[in-house]
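A quick write-up on the structure given underneath.
On a predicted model such as this, the values are computed, not experimentally measured, just so you know. Lettering follows sequence order; numbering is per chain, from 1.
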Amino acid sequence: MNAIAIKHNDEIIDLQTAKELGFEGEQIHLDNSPEALEVLRHSTAHLMAQAIKSLYPDAEFYVGPTVKEGFYYDFKTSADIGEGDLKKIEKQMLSFAKKKYEIQKYEISMEEAREKFKDDHLKQAVLDMIPDDKVSIYKQGDFEDLCRGPHLPSIGLIRNFKLTKIAGAYLGGDSKNEMLTRIYGIAFADKESLKAHMTMLAEAEKRDHRKIGAQMKLFTFREEVGAGFPIWLPAGGRLRARLENLLFKAHRKRGYEPVRGPEMLRSDLWMTSGHYQNYGENMYFTKIDEIEFGVKPMNCVGHIKVYEDELHSYRDLPIKYFEYGVVHRHELTGALHGLFRVREFTQDDAHIFCRADQIEEQIIEVVDFVDKIMSTFEFDYKMMVSTKPEKAVGDDKVWEVSTQALKNAMDKNNLVYEIDEGGGAFYGPKIDIKITDAIGREWQCGTIQLDFNLPERFKLEYNGEDNDKIQPVMIHRAILGSFERFIGILTEHYAGEFPMFIAPTQVAIIPIADTHKEYAKLLSDKLIDIGADAEIYAKNDSLNKRIRTAEKTKVPMLIIVGDEEVEGKTVAVRDRRTREQYNLSEEEFLTLIQTKINEVNF
RNA sequence: GCCGACAUAGCUCAGUUGGCUAGAGCAGCUGAUUUGUAAUCAGCAGGCCCGGGGUUCAAAUCCUCGUGUCGGCACCA
């Protein structure tokens, strides 16, 4: 097999460049190694551009990089291009590929490039970003493009690719700029890998929480209700209640007190907090008797009012309030996405009011709490320290101190984190917990935010040792983030096959004939007594049909009761996965369920 | 919000170039059957074809404005 590029000083260098500079190094062959795919996909992007240019001669091209799972190219044309045109472009790509044009490289000066692309405003924008005074041009057939490379030696090597989606994208990723057309694609070294990739995508789609949510009747949305307002169905209600109960106990063990603030508060309070000025566009407002109220987008102000209800001593700190707080936020229509992005959601929210010297231990305690829960669900997650955003309240100095405090707490405890510059809340820096979902997407769930600003704005205080008034520090935190998003992620994570301790229904009971219904009901009652939910499948359907129906609900355990079971006070258990059967005495069965439900606590 | 696509029964989908009473499977209801481990049989019911305007002798089908959904971008738990 011939080389398609070489590796020189850990950099992928294409053959064109290697020849020009006389570089030598380890050969890269056309296989599915990350290096080979990088080159292949980049050249496929160019081949796509060539095809687009031939079909839409007025097309101007911006950038066409490789990304995690493929490549894309951003361009602009006066023609209307839709999904239906992807096939046409693919076909054109293939016909060019068959001509096996060599990919040639040459260099010109920045000045020459400016002149060469003088009528192409997108190329000018690309040139703006290049600091060098020389740029390289890659040419295949009569198509040429400004590019840094690396590229294949010939487009004839490109065979196994697919254009996957067409979308709009802002020039330079800035919503103030014009919108370009973006086409995404994927390419592999061989046909089988491409096919496997497409199968994998189809499999991932089957896990989609929106699909499973509908199948399992967890939740729904209705046009007449409004976009972004989820409706929780009975099965979803049961699952959610299990999660809420587990988490409630976990909070109580850690010294949190349940509280509850109102759904809306007067606008002057939101001005004091700064939400009105900094978060107003995401809030919903209404008027009551001529006074403006804001529906809460966060729970902190309510908790501040709880704190203000009595005087506090330094001895009482930290004080921790928690609430399953329902919040409303005006998300843009295009951002809405199943349970992952909604306009009304419930946070597992808490606020810790503490002394400055308690910050570190409190943060570490929360991080431990997060880790306990994430590991219970076997989630991979990472932590990001987010710093001061553009829109922010408070002194830069305060921001510096609090950001450093977060980092110190993490560093001292050898916790690994990344930095998200400018990603903080408007009132303080934060540590975000990002979960990786089933398809590799990252979702922000938990968050730990350090806030010196709201205590200052609300003039919060406690009595110190010398009876002096001292301002407490606030830590805002959520662990799941929101029940909506978290349950969405859980659904995809388990593909709907929830573990016993949170499943909407723990046991499906199938009585063989009407005469066994009574025993089924007795078992169901006993299950409820030990905190499990059961569903009896006693409809006038065949036994086989009812087993099929029950299994399709993804219930963790299915038991069948007939004459033998009623007589011997036993149950016949059917394993969901293996379809194997075994018998348990009623007592063994109940103990097993109880153990499985209780084996998890946070 | 922006770019592109889509919207037919509770669900998944058919419905020809605009043309007779809009179809199917599953789910639901009724009856028969009383079942030992993944679909018993028969019958019935179910639709403002997303909503408003328009074009046309005639609209599920064409145009237009909304609403919602999907894929991205931008924004975020």
Tell me whether the side-chain N/O atoms of [X] come closer than 4.0 Å to OP1 or OP2 in [N].
X        : N     : answer
A:Asn544 : B:U37 : no
A:Tyr72  : B:C73 : no
A:Lys545 : B:A27 : yes
A:Ser482 : B:A77 : no
A:Gln581 : B:U37 : no

So [X], base contact, sugar-phosphate only, or nothing? Heavy-atom distance under 4.0 Å.
X        : result
A:Ala169 : sugar-phosphate
A:Phe221 : nothing
A:Ser175 : sugar-phosphate
A:Leu332 : base
A:Arg329 : base
A:Glu484 : nothing
A:Gly84  : nothing
A:Glu344 : nothing
A:Glu331 : base
A:Ala227 : sugar-phosphate
A:Thr333 : base
A:Asp563 : base
A:Lys430 : sugar-phosphate
A:Val327 : nothing

Closest approach to the side chain of [X], judged atom by atom: which nucleotide of [options] is it?
X        : options             : value
A:Ser542 : B:U40, B:G36, B:U69 : B:U40
A:Ala572 : B:C2, B:G4, B:G36   : B:G36
A:Arg574 : B:U34, B:U40, B:U37 : B:U37

Using the [atom1] atom in both, what is the distance from [N] to [M], to the nearest Å?
N     : M     : atom1 : result
B:A24 : B:A5  : C1'   : 26 Å
B:C3  : B:U12 : C1'   : 29 Å
B:C6  : B:C13 : C1'   : 14 Å
B:U64 : B:G4  : P     : 13 Å
B:A58 : B:U21 : C1'   : 16 Å
B:A59 : B:G19 : C1'   : 10 Å
B:U37 : B:G46 : P     : 39 Å
B:G15 : B:A9  : C1'   : 14 Å

Let's test your reading of the model: under 3.5 Å, does the base of [N] pair with the side chain of [X] as donor and acceptor?
X        : N     : value
A:Arg341 : B:C75 : yes
A:Arg546 : B:A39 : no
A:Tyr170 : B:G1  : yes
A:Arg579 : B:A38 : yes
A:Gln347 : B:A77 : no

Can you tell me the distance, in whole Å, between the [atom1] atom of [X] and the [atom2] atom of [N]?
X        : N     : atom1 : atom2 : answer
A:Lys539 : B:U30 : NZ    : P     : 10 Å
A:Lys217 : B:G10 : NZ    : C1'   : 7 Å
A:Ile81  : B:G72 : CD1   : C1'   : 15 Å
A:Asn177 : B:G1  : CG    : C1'   : 15 Å
A:Asp541 : B:A42 : CG    : P     : 14 Å
A:Arg343 : B:A77 : CZ    : C1'   : 15 Å
A:Glu223 : B:U8  : CD    : P     : 10 Å
A:His330 : B:A77 : NE2   : C1'   : 17 Å

Near A:Glu567 CD, under 6.0 Å, is it more than 12 heavy atoms from other residues, nucleotides or ligands?
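No, the 6.0 Å shell around CD holds no more than 12 heavy atoms from other groups.
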Should we count CG of A:Asp368 as having more than 12 external heavy atoms under 6.0 Å?
yes
A:Phe345 aromatic ring stacked with six-membered ring of B:A77, 5.5 Å and 30°
yes
Tell me whether the centres of the aromatic rings in [X] and [Y] are closer together than 6.0 Å.
X        : Y        : result
A:His42  : A:Phe71  : no
A:Phe483 : A:Tyr324 : yes
A:Phe379 : A:His493 : yes

A:Arg207 side chain vs A:Glu492 backbone, donor-acceptor pair below 3.5 Å:
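Yes.
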Excluding sequence neighbours, so at least two apart, what forms side-chain hydrogen bond (donor to acceptor under 3.5 Å, both in side chains) with A:Tyr519?
A:Glu586
Residue whose nearest RNA chain B nucleotide is more 5′ - A:Thr181 or A:His516
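Nearest-nucleotide comparison on RNA chain B picks A:Thr181.
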Reading RNA chain B from 5' onward, which residue's closest nucleotide shows up sooner: A:Leu180 or A:Gly228?
A:Leu180
Validate the cation-pi geometry between A:Lys434 and A:Tyr381: distance from NZ or CZ to the six-membered ring centre under 6.0 Å, angle to the ring axis within 45°.
no
Could you run through RNA chain B and flag its stems, i.e. three or more consecutive Watson-Crick or G-U pairs with both distances under 3.5 Å?
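Counting only runs of 3 or more consecutive pairs, the stems involving RNA chain B are B:1-7 with B:67-73, B:10-13 with B:23-26, B:28-32 with B:40-44, B:50-54 with B:62-66.
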Please determine whether ring pair (Phe, Tyr, Trp, His ring centres under 6.0 Å) holds for the pair A:Phe285 and A:Tyr276, giving the CA-CA distance in whole Å, both sets of side-chain angles, and the decisive distance to 0.1 Å.
CA-CA 10 Å; A:Phe285 292 97; A:Tyr276 202 91; 5.1 Å; yes
Geometric class of the A:Phe602/A:Phe377 ring pair [parallel <30°, tilted 30-60°, perpendicular >60°]
tilted
Would you call the rings of A:Phe322 and A:His251 parallel, tilted or perpendicular, where under 30° means parallel and over 60° means perpendicular?
parallel
